[in-house]
Amino acid sequence: MSEPANTAPTDPRPAAGPDWQPRIIGFLCYWCSYTGADMAGTARMKYPPNVDIIRVMCSGRIDPELVTTAFARGADGVLVCGCHIGDCHYITGNHKTMARMPLLKRILLDMGIEPERFRHEWVSAAEGEKFSKLVAELTEQVRRLGPLDWPGLMRARGVGHGMDLKAWGE
Amino acid sequence: MSTNPNNAAPVAKLKIAKYWAASCGGCDISLLEIGPNLLELIKIADVVFWPCAADFKYEDVRNYPDGYIDLCFYNGGIRNSEQEEVARLLRRKSKSLIAYGQCAVDGGIPALANLKTVKGIFNASYHDNPSIDNPAGVEPQPVTPSEYGDLEIPRFYPQVLRLKDVVPVDYEIPGCPPQSDRVWEAILALAGGQVPLQNRNVKVACYDKAVCDECKLEKRNVRIKEFKRVHTSIPEPGWCLLEQGYLCVGPATRSGCGALCPAAGMPCEGCYGPAGDVVDQGTAMVSAIASMLDARTEEQAQELIDQIADPTGTFYRFTLASSHLKARK
């Protein structure tokens with residue numbers, strides 16, 4: 001695997017500026033949370049369209065690397081949802097998630113990413129309403145914090161192969 | 001360059017160079033650690049630049065024709081403008097540029113400074129520290145006017161970068177420091193023409209698998225009940241340190257060292273960087289450790305996680321500049 005570039009070249013949405021809208025990546029497990037989100041849709045509940053949902057088979061599959069990659073490539077927030085503890089289709093998949101995400105949260109905090117940008121919740125297949133409220137709440141939190149724009153931050157510091165580096169204070 | 005009086009015909013010898021940037025100097029020592037093989041090295045190669053061991057100036061390197069150096073070992077990350085300038089210079093003058101040691105490959109220990117802002121680093125270095133006496137609050141300035149003209153010092157960059165962030169790199173030798181016998185094998189392979197001098201970020205002198213693969217300690221399939229630290233308790237010999245609760249980064253670390261630390265009762269610190277195709281060592285370790293906890297509820301998991309003293313510093317100890325996020329906001 002070659003190293004991914006720290007940019008999001010194909011996304012036309014502005015990463016910052018007056019037209020900015022929060023960009024949130026949602027990792028949802030197939031069996032509960034994705035079905036819950038689907039339920040919110042079929043029940044025609046209204047919630048902000050800012051979460052780009054990525055379906056995974058189990059929340060235990062969500063490597064913390066996926067979350068840091070999302071931030072590094074320009075996400076303003078990340079949402080991770082899985083089955084409630086005890087409801088996992090694979091018995092203990094979400095037991096791994098329940099330990100990984102709080103640990104990851106501490107790392108994100110050290111990297112200067114506000115804790116409100118990262119949310120980890122259990123959403124069952126019946127909890128469409130919980131999901132819609134969750135998305136509305138998270139979007140509002142991220143909107144208040146403003147753009148994160150990690151690729152822009154790295155570009156401004158001149159980080160990247162062959163780029164001219166800007167010294168601090170120039 | 002060199003003439004050997006014992007040889008009638010001049011031998012085409014390799015030209016090697018070594019440079020240190022943001023690093024501790026241990027990499028220079030590790031090259032000397034090849035021991036008697038140094039005599040073999042001198043038979044096949046001439047040193048044309050090595051600030052730690054030989055008296056060459058930057059000017060000498062500038063006067064070499066492009067591509068003059070065959071093997072150039074660059075250890076250390078890029079912290080300031082001097083290191084970047086020399087990296088670009090050596091890239092131009094070298095056929096093969098090799099990132100030597102963990103600082104050049106993944107940022108290493110100096111890259112832990114990426115967890116702080118430049119303001120914070122300057123504050124700790126020049127103002128707010130018990131050992132500092134600086135009532136005037138003086139900070140080094142990039143340019144200082146003097147009667148002899150402007151004096152310049154290297155400019156400080158906002159974060160530590162890897163060598164390959166600045167110039168294309170042919171080979172990477174990970175490790176802090178790289179193990180000398182592996183290094184010697186790599187040098188022989190490069191010098192003997194068994195591998196091409198030009199390549200792109202190929203890791204050599206190491207294996208793809210994790211340190212656990214080389215580790216001799218016994219796995220008992222026990223889950224972690226509490227986290228311990230080496231300065232507060234003594235591990236049971238022969239038993240996997242991670243299972244005993246010592247934060248061993250072996251599962252997320254590339255092998256090649258021979259699992260020396262766990263064999264001596266010290267948890268792996270992760271100095272060979274991420275194993276295999278993994279890019280981000282820290283999150284790989286988060287993933288590994290979280291699936292080993294003896295926790296059935298969220299509260300139990302949280303309680304165990306709170307016992308980990310410094311997850312970022314421990315899991316990214318040698319690879320912060322290679323992580324996805326690279327530095328603090």
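Below, read A as the first sequence line, B as the second, and so on, with proteins coming before strands; counting in each chain starts at 1.
Rounded to the nearest 0.5 Å, atoms CG (A:L108) and NZ (B:K329) are 11.5 Å apart. For the atom pair B:M292 CE and A:K96 NZ, the distance stands at 11.5 Å (nearest 0.5 Å). Distance check: A:R106 CZ to B:T312 OG1 gives 7.5 Å after rounding to the nearest 0.5 Å. Between atom CZ of residue B:F315 and atom CG of residue A:L103 there is a gap of 5.0 Å, rounded to the nearest 0.5 Å. In this structure, A:R157 CZ and B:Q159 CD are separated by 5.0 Å, a value rounded to the nearest 0.5 Å. With rounding to the nearest 0.5 Å, the separation of OH in B:Y316 from CE in A:M111 is 6.5 Å.
For chain A, the nearby part of B:L320 is the side chain; its heavy atoms alone come within less than 4.5 Å. Looking at B:S291, both its backbone and its side chain come within 4.5 Å of chain A, counting heavy atoms on both sides. Only the side chain of B:L293 comes within contact range of chain A, with heavy atoms under 4.5 Å apart. For a residue to count as touching a neighbouring chain, one of its non-hydrogen atoms must lie under 4.5 Å from one of that chain's; by this rule B:T117 does not touch chain A. For a residue to count as touching a neighbouring chain, one of its non-hydrogen atoms must lie under 4.5 Å from one of that chain's; by this rule B:A290 touches chain A with backbone and side chain alike. Proximity to chain A is limited to the side chain of B:Q302, based on heavy atoms less than 4.5 angstrom apart. Residue A:L66: no heavy atom, backbone or side chain, is found under 4.5 Å from chain B. At a 4.5 Å heavy-atom cutoff, A:I62 makes no contact with chain B through either its backbone or its side chain.
No more than 12 heavy atoms of other residues, nucleotides or ligands shown are found within 6.0 angstrom of NZ on A:K133. The number of heavy-atom neighbours closer than 6.0 Å to CZ of A:R61, taken from other residues, nucleotides and ligands shown, is 12 or below. Other residues, nucleotides and ligands contribute only 12 or fewer heavy atoms inside 6.0 Å of the CD atom of A:E129. Taking a 6.0 Å sphere around OH of A:Y34, one finds it holds 12 or fewer heavy atoms contributed by other residues, nucleotides or ligands. Surrounding OH of B:Y58 are more than 12 heavy atoms belonging to other residues, nucleotides or ligands, all under 6.0 Å away. Counting non-hydrogen atoms of other residues, nucleotides and ligands closer than 6.0 Å to NZ of B:K116 gives a total of 12 or fewer.
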Steps toward side-chain hydrogen bond (donor to acceptor under 3.5 Å, both in side chains) verdict (B:S287, A:R100)
CA-CA 6 Å; B:S287 217; A:R100 265 171 208 159; 3.3 Å; yes

For A:I113 and B:L325, run side-chain contact (heavy atoms from CB on, under 4.5 Å): C-alpha distance rounded to whole Å, both residues' side-chain angles, the deciding distance at 0.1 Å, then the answer.
CA-CA 10 Å; A:I113 294 176; B:L325 295 168; 4.0 Å; yes

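If you tally non-hydrogen atom pairs under 4.5 Å between each of A:I85, A:L153, A:D63 and chain B, the highest count goes to A:D63. Chosen from B:N80, B:I289, B:N201, B:T297, the residue pairing most often with chain A at heavy-atom distances under 4.5 Å is B:T297. With chain A as partner, the option from B:V286, B:L304, B:D280 having the largest number of non-hydrogen pairs under 4.5 angstrom is B:V286. When each of B:A327, B:A295, B:A301 is checked for heavy-atom pairs under 4.5 Å with chain A, B:A327 comes out on top.
Looking only at side-chain heavy atoms (C-beta outward), B:D310 and A:D110 come within less than 4.5 Å of each other.
Listed here is the closest heavy atom pair of A:W122 and B:E298: NE1-OE2, 2.8 Å. Scanning all heavy atoms of the two residues, the minimum distance from B:I305 to A:A99 falls at CD1-O, 3.0 Å.
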